[in-house]
Amino acid sequence: MTEQPKVSAQRLTKKFGDLLVLNDVSFDIKKGEFVCLVGPTGCGKTTFLNLLVKLTEPTSGNVLIDGVPADPQKHNMSFVFQEPSTFPWLTVEDNIKFNLEIKKIEKQEIQKRTEHILEMIGLTEQRNAYPGQLSVSAEQRIVIGRSFAMYPDLLLMDEPYGQMDIKLRYYLEDAVLKLWRETESTIIFITHNIEEAVYLSQRCLIMTPKPTTIKASIENPLPYPRNVSAPEFIKLREQITDMIKWW
Amino acid sequence: MYNEKTRSVGMKVFLNVSGLLMFFGIWELVVALGLISEKKLVAPSAIFMTFIDKLTNVVPDGNTIIVHTLTSLELVLIGFVLSCLIGVPLGLLMGFFKPANRFFTPIFEIIRPIPPLAWIPIVIVVLGIGIQAEAFIIFVAAFVPCVINSYTGIQATSKTLLDVAKTAGASKTQLFFKVGIPSALPMVFTGIKISFGSAWATLVAAEMIASTVGLGFMIQQGRNAVRPDIVLLGMSVIGLIGAALTGLLSILEKKALPWRNLK
Ligand SMILES: Nc1ncnc2c1ncn2[C@@H]1O[C@H](COP(=O)(O)OP(=O)(O)OP(=O)(O)O)[C@@H](O)[C@H]1O
Ligand SMILES: [Mg+2]
């Protein structure tokens with residue numbers, strides 16, 4: 001008997017009016033797997049995540065979490081959206097607590113996690129600032145911290161590190177790997193950066209547009225922590241880059 | 001300290017004050033030079049003298065300026081506070097929950113175009129002459145902007161922020177209180193300020209309902225007694241208090257919404 005997949009897309013099709021965005025897409029993601037979704041802009045990556053968490057309904061087909069349709073009240077999942085999503089009226093600290101308070105987690109536990117997260121995203125000193133007072137990158141770190149604080153079973157990240165400088169990006173890539181190891185969560189991570197995809201994931205799902213289908217699913221067996229200048233790493237990166245050159 | 005900030009603050013105050021001085025100066029001059037007869041337009045200095053006089057003198061309208069002012073304030077505050085207490089929650093509910101929207105919108109859209117003054121005859125019949133009737137007229141005037149701004153404000157809630165809360169498992173009620181209301185607050189405050197303006201501006205009309213005290217009544221009496229100084233005194237007090245209270249509301253708004261205008 002095979003283990004039930006964490007996420008299962010079954011013949012998923014989505015149209016917006018006449019625009020066919022996803023065409024009969026099927027795949028499974030195992031429990032605890034770290035998957036990167038790579039595809040050209042406008043190919044439906046965000047749409048797929050929205051379908052997964054039931055922010056939109058599919059035209060046909062199904063997408064299931066733990067074998068059932070997503071239910072945010074039961075599933076412990078978290079979504080880092082592509083567009084800025086801090087709550088401008090809450091301080092940095094209260095932004096981080098937001099999801100935990102929705103989940104009605106115990107006060108002491110909330111405080112403990114918040115301290116830890118503030119430390120991780122390097123905003124302990126700015127805890128009482130409002131997002132509007134911070135840089136775009138700091139705002140994005142709040143969003144990432146808010147998601148991590150939930151210790152989610154399923155973490156969805158839509159181009160989370162696009163706004164970061166290289167140093168911060170490397171740091172946060174390691175942070176998401178650490179969280180993944182510690183919480184054994186399943187992660188779906190969207191990125192346009194092939195190096196990032198190869199550095200992070202156990203598997204890359206490559207999407208091609210018009211209409212979108214999964215062109216390839218490439219396993220990445222390299223052990224963690226990965227070395228971006230190792231020959232095997234570069235080979236894999238080139239292989240994936242070659243596949244998507246023809247978009 | 002001389003820096004950019006104090007300099008611009010100083011400049012602001014200077015412009016504010018010189019604008020006022022010019023306005024009152026020209027007014028004073030026009031009368032002093034006899035361009036307009038003193039019988040028609042009273043100079044600011046004369047209005048001020050009438051003000052001093054009316055602190056103790058009850059002629060011709062039966063009360064001192066203090067009593068008139070306090071009565072009017074009380075009246076406006078009752079109408080205004082009631083309109084906020086009812087209008088803001090109503091607008092928020094209508095803007096956030098579709099069934100509430102469908103239920104209330106038709107009624108509201110019919111009531112909305114009726115000018116507050118058109119209510120006067122029916123209100124006198126139903127509520128009689130007195131403070132209830134007057135407060136009701138003010139309530140009607142203040143109610144509409146409260147509802148409209150709260151409604152528009154909460155409808156403009158960012159979809160992404162709602163999605164953040166939704167995917168974290170927020171219930172519809174949590175979405176309303178934790179996302180909808182806070183993001184509507186700036187618009188709600190704007191609505192409250194507009195409401196206050198409408199309420200205060202409707203004062204004179206409301207006090208035409210056979211009242212015997214209040215700034216509106218004082219203006220009426222001044223007119224009957226051919227005392228332009230009293231008419232202008234009433235107008236001035238209405239203007240000054242209106243401006244002061246609007247300023248107070250703005251200060252409250254800044255305190256309540258510390259996250260606004262940070263950059
Ligand atoms: N609500 C919507 N209504 C109509 N069309 C939509 C809607 N949402 C997305 N689309 C369209 O669906 C297509 C896929 O959009 P989506 O945002 O999923 O792409 P993406 O892969 O996330 O792109 P990017 O890499 O730029 O973020 C686009 O052509 C977009 O215009
Ligand atoms: Mg996208």
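To find a chain, count down the sequence lines: A is the first, B the second, and so on, and within it residues start at 1. Being a predicted model, the structure only gives us computed values, none of them experimental. The basis for the numbers below is simple: all heavy atoms, side chains too, and nothing from hydrogens, waters or symmetry mates.
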Could you look at B:Ser158 and say if it's the side chain, the backbone, both or neither that has a heavy atom under 4.5 Å from chain A? neither
Taking all non-hydrogen atoms of both residues into account, name the closest pair between B:Trp259 and A:Pro88 and its distance. CB-O, 3.3 Å
Check whether A:Lys103 reaches the backbone of B:Ala168 with its side chain - one donor and one acceptor, N or O, closer than 3.5 Å. yes
Student check: side-chain heavy atoms of A:Gln73 and B:Ser171 closer than 4.5 Å: yes
Is the closest side-chain heavy-atom distance between A:Phe81 and B:Asp163 below 4.5 Å? yes
Quick one, B:Val179 and A:Trp89 - any side-chain contact, counting heavy atoms below 4.5 Å? yes
Counting only heavy atoms closer than 4.5 Å, note whether A:Ser85 contacts chain B via side chain, backbone, both or neither. both
For B:Gln174 and A:Lys104, which heavy atoms make the closest approach, and how far apart are they? NE2-NZ, 3.5 Å
Side chain, backbone, both or neither: which part of A:Met150 has a non-hydrogen atom closer than 4.5 Å to chain B? side chain
Relative to chain B, which segment of A:Thr86 carries a heavy atom at a distance below 4.5 Å: side chain, backbone, both, or neither? backbone
Given heavy-atom pairs under 4.5 angstrom as the criterion, report whether the side chain, backbone, both or neither of A:Pro152 touches chain B. neither
Contact check, side chains of A:Glu101 and B:Lys178, non-hydrogen atoms, under 4.5 Å: yes
